[in-house]
Amino acid sequence: VVGSTTIIGRDVLVTLWSDGVEAYYSLSTEDDLLFHGVSGGGGAFYLDPPVVVVPANATPGDTWSSSSQSYCDPEGLVPFGTVTTYSFAALAEETVSVPAGTFTALKVTDVAYLGCPLGTSAESWWSVMGPGTGILDIFAWRAEGIGLVKSEVLGHGHAELTAWGEPTAVAPQEWGRVKALYRSPN
């Protein structure tokens, strides 16, 4: 996590992929990992509603789907394409080694059909998928008690957890949660 920002009225955490693309995530009140979109590499898309990438209690074999509208701007004022449909599957528990250490994590895959009609400005950004295919393969690894430890988009880039330890507030609304960890029981 390299910071925080607001995407379509929601506070999100910013992660940085190996190719310089920023990806935006948050946790729902149920502790589901939500994906809000990406920017960089010559384009951007933002999702409303955000997509559940990994449900809090997902186990290998679980599947789920959701749909979201893509927007060209982080305020959600300029939609593009049609609604995007995501189909997810929790594949397996895997041992994942990243710069922050080695973790047991749930590997989740997603194949997204991107509703971008040919000839739109978004199409050029998705050229990593092949001309006009509209298909994007995404993988995410989530470790219990830690969160997202690795993510990758085939043919595009990846992000890995580089450090972790004591909780750190990166958004104003998180300070109370962090301070509560250090309060004395008296």
Side-chain angles (χ1 to χ4, degrees), residues 1 3-17 19-91 106-142 147-148 150-159 171 173:
V1 174
S4 63
T5 191
T6 301
I7 303 293
I8 309 181
R10 295 176 180 94
D11 293 325
V12 300
L13 300 177
V14 180
T15 63
L16 190 62
W17 289 348
D19 61 355
V21 171
E22 290 184 347
Y24 308 105
Y25 294 93
S26 69
L27 291 175
S28 72
T29 55
E30 294 82 23
D31 206 27
D32 300 330
L33 180 64
L34 304 176
F35 176 63
H36 296 262
V38 298
S39 67
F45 73 92
Y46 307 94
L47 301 172
D48 189 32
V51 173
V52 177
V53 176
V54 185
N57 298 316
T59 59
D62 288 351
T63 60
W64 60 99
S65 294
S66 62
S67 297
S68 185
Q69 176 64 54
S70 298
Y71 291 86
C72 296
D73 62 305
E75 294 79 28
L77 301 175
V78 183
F80 70 82
T82 58
V83 171
T84 303
T85 301
Y86 297 83
S87 298
F88 293 90
L91 299 177
L106 180 65
K107 181 180 182 181
V108 173
T109 187
D110 161 43
V111 176
Y113 171 73
L114 301 168
C116 301
L118 294 175
T120 65
S121 60
E123 181 190 351
S124 63
W125 196 82
W126 292 114
S127 62
V128 296
M129 299 173 291
T133 62
I135 301 297
L136 182 64
D137 292 318
I138 302 169
F139 294 92
W141 289 261
R142 182 179 181 173
L148 187 68
K150 182 178 178 180
S151 65
E152 69 181 49
V153 178
L154 294 183
H156 183 63
H158 68 278
Q173 68 273 18

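Values reported hereafter were calculated over all heavy atoms of this structure, with side chains retained and with hydrogens, waters and symmetry mates removed.
Taken to the nearest 0.5 Å, the OG1 atom of T5 stands 8.5 Å off from the CG atom of D11. Atom-to-atom distance recorded for L106:CG and N57:CG is 11.0 Å, nearest 0.5 angstrom. L34 contributes atom CG, which lies 5.0 Å from atom OG of S28 (distance to the nearest 0.5 angstrom). For the atom pair S39 OG and I7 CD1, the distance stands at 7.0 Å (nearest 0.5 Å).
Residues R10 and P50 approach most closely at CZ-CD, 3.5 Å, considering heavy atoms. In terms of heavy atoms, L47 sits closest to S68 at CB-OG, 3.4 Å. Across every non-hydrogen atom of L91 and P60, the tightest pair is O-CB, 3.9 Å. Closest heavy-atom contact between Y46 and C72: CE1-O, 3.6 Å.
Side-chain atoms of W64 come within 3.5 Å of backbone N or O of V52 as a donor-acceptor pair. A distance-only check finds no donor-acceptor pair linking the side chain of D48 to the backbone of Q69 [under 3.5 Å].
Judged by the 6.0 Å and 45° rule, K150 forms no cation-pi pair with F139.
In this structure, V38 and F45 have side chains that are in contact, with non-hydrogen atoms separated by less than 4.5 Å. With contacts defined as side-chain heavy-atom distances shorter than 4.5 Å, the pair L27/L33 qualifies. Under the 4.5 Å side-chain criterion, counting only non-hydrogen atoms from C-beta, P74 is not in contact with T6.
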- Task: Take Y71 and L77, measure what side-chain contact (heavy atoms from CB on, under 4.5 Å) needs, and give me the verdict at the end.
- Result: CA-CA 7 Å; Y71 291 86; L77 301 175; over 6 Å; no

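At a threshold of 4.0 Å, the pair R142-D31 counts as salt-bridged, since one of the basic side-chain nitrogens sits closer than that to a carboxylate oxygen.
No side-chain donor from either of T15 and Y24 sits under 3.5 Å from a side-chain acceptor of the other.
Taking the centre of each ring, Y25 and F35 come in below the 6.0 Å mark.
Tested against F88, the residues D62, T109, T63, V51 include a single side-chain contact (heavy atoms from CB on, under 4.5 Å) partner, V51.
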